[in-house]
Asker: 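Dropping the structure in here first, questions after.
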Amino acid sequence: MSWPTRAAIGLAGAWCVAIAAPRPASAQSDPELRLARLDAPTRVAVAAVVDSARKNRLPTEPLVDKALEGAKKGADGARIVTAVRGLFSELRTARLALGTGASTDEINAGANALHAGLPMRSLAQLRGAAQHAGRTRVTLPLTVATDLVARDVPVAVASDVVISLVRSGVRDADFALFQRNVRLDIEHGADAATAAQTRARGAVLHGGRSS
Amino acid sequence: MRGIPESWIQRVVAELRQPVRMDEEFDRNVMNVVRSLPRHRYGPWARVLRPRTITVRPVLSSIAAALIFAVALSAGHAIGTARASRPASQRNDVSADRSASGRFTTRRPVQFVLVAPTARKVQVVGDFNDWDASHEEYRAEHRGGGVWAVTAAVPEGHHRYSFVVDDSLWVADPTAPRAMDDNYGMPNSALVVGGGDVGR
């Protein structure tokens, strides 16, 4: 075999080795690959939940994210599995409340809202109000409702306020402004429920439909 | 051959074996006839387009095909690796990319800011980077006066995130909506990137 042939074969071999080299972790998309960072018993238990979610046509990424978050925060395996199972249940309830047409982000935000204490009925009412107002997605309203509850706005008030904002046609930019204003009011010492209700009236006047 | 005497055959063979002698006049006549024939005229493309037979060695052609295939694959591999490792500060424009979940999504620049006067290091972690505090593109820089900031490309959608201060302290973004997902006893913030009311 001549030297050019040998060189060509060697070059081709080197290229094949380079191509076979593993891609960066950020490019790896398979849930099983991402779960490989967990210890074996936890990985098996979480994978079973992920598999159930897949069979139920629920988003699986939030479950994997929840498990990885626990691992990075130093939680033990039992706590991670409990958290993932709890999230699975919340995702299923959120999808039920928001309808089968809900996006992954909506279901994820809905699960967070349920975890914060918002009832399933509020999610369904929010979806109904969005349809009435011609709004496509309710991801940000759900996120703001969760934030209000987290800042000690009573669940019933937070739910009513956000549903009324959606029904009035307030868009995402004004929702973000509303959340910011309520936060600042509460940080300055205002009563949480009063701040939410007052700022909601202003948001409707500013961002709602004229009707 | 049946019926032909052997002696006749031998005479024919001997005659055929005699060299044929042709004079120079014969050669000239033949060449004159050839030169008088109409010539084929090929254009510049005819040499390329005209079908012709090429002889190749199977082993060399296989190596050539493997090399072309390897070059194409390695080019794609190199582009993918470069995109994955490119600092977020260099891709703050809206770009389509693949998220950790495997979905193709649009990334948008998001500025994360934390006021932490005594911090030595501030890192942003969330579901967009698998909560991994080793990603350089999500490492905040000290802007002075205790203000730490980083602008990173985040896929559109709903996210949960947090700051990690000095590799140990998890801090929620005080200006962002709270996520209320306290399964692990450390708070997170919520982030909706892109138009949530136009949905995906």
Asker: Looking at A:Arg79, A:Lys73, A:His115, which one forms a side-chain contact (heavy atoms from CB on, under 4.5 Å) with B:Asn183?
Answerer: A:His115

Asker: Of the listed residues (A:Gly74, A:Ala83, A:Ala130, A:Ala75), which shares the most heavy-atom pairs with chain B below a 4.5 Å separation?
Answerer: A:Ala83

Asker: For B:Arg143, is the CZ atom crowded, meaning more than 12 foreign heavy atoms sit under 6.0 Å from it?
Answerer: yes

Asker: In terms of heavy-atom pairs under 4.5 Å with chain B, which of A:Pro62, A:Gly86, A:Ala116 leads?
Answerer: A:Ala116

Asker: With a cut-off of 6.0 Å (strictly less than), are more than 12 heavy atoms of other residues, nucleotides or ligands near CZ of B:Arg11?
Answerer: no

Asker: Going from CG on A:Asn108 to NE2 on B:His159, what distance comes out if it is rounded to the nearest 0.5 angstrom?
Answerer: 9.5 Å

Asker: If the threshold is 4.0 Å, N to carboxylate O, is there a salt bridge linking A:Arg37 and B:Asp130?
Answerer: yes

Asker: Relative to chain A, which of B:Ala190, B:Gly185, B:Ala176 shows the most heavy atom pairs under 4.5 Å?
Answerer: B:Ala176

Asker: Quick check for you: to the nearest 0.5 Å, what is the distance between A:Thr104 atom OG1 and B:His158 atom NE2?
Answerer: 12.0 Å

Asker: Tell me, for A:Glu69 versus chain B, whether the close heavy atoms (under 4.5 Å) come from the side chain, the backbone, both or neither.
Answerer: both

Asker: Examine whether an atom of A:Ile80 lies under 4.5 Å from a heavy atom of chain B, and if so say whether it belongs to the side chain, the backbone or both; otherwise answer neither.
Answerer: both

Asker: Counting only non-hydrogen atoms closer than 4.5 Å, does A:Arg151 touch chain B with its backbone (N, CA, C, O), its side chain (CB onward), both, or neither?
Answerer: both

Asker: Under a 4.5 Å heavy-atom cut-off, does chain A meet the side chain of B:Ala64, its backbone, both or neither?
Answerer: neither

Asker: Write down the atom of A:Ala150, the atom of B:Met180, and the distance for their closest heavy-atom approach.
Answerer: CB-CG, 3.3 Å

Asker: What's the shortest heavy-atom distance between A:Asp147 and B:Arg178, and which atoms?
Answerer: OD1-N, 2.7 Å

Asker: Using non-hydrogen atoms only, which part of A:Glu90 is less than 4.5 Å away from chain B: side chain, backbone, both, or neither?
Answerer: neither

Asker: Work out which heavy atom in B:Pro177 is nearest to a heavy atom in A:Thr143; give both atom names and the distance.
Answerer: CB-CG2, 4.0 Å

Asker: Quick check on B:Thr175 against chain A: is it the side chain, the backbone, both or neither that has a heavy atom closer than 4.5 Å?
Answerer: both

Asker: Is there side-chain contact between B:Arg160 and A:Asn112, with at least one heavy-atom pair below 4.5 Å?
Answerer: yes

Asker: Any side-chain heavy atom of A:Lys66 sitting closer than 4.5 Å to one from B:Trp131?
Answerer: no

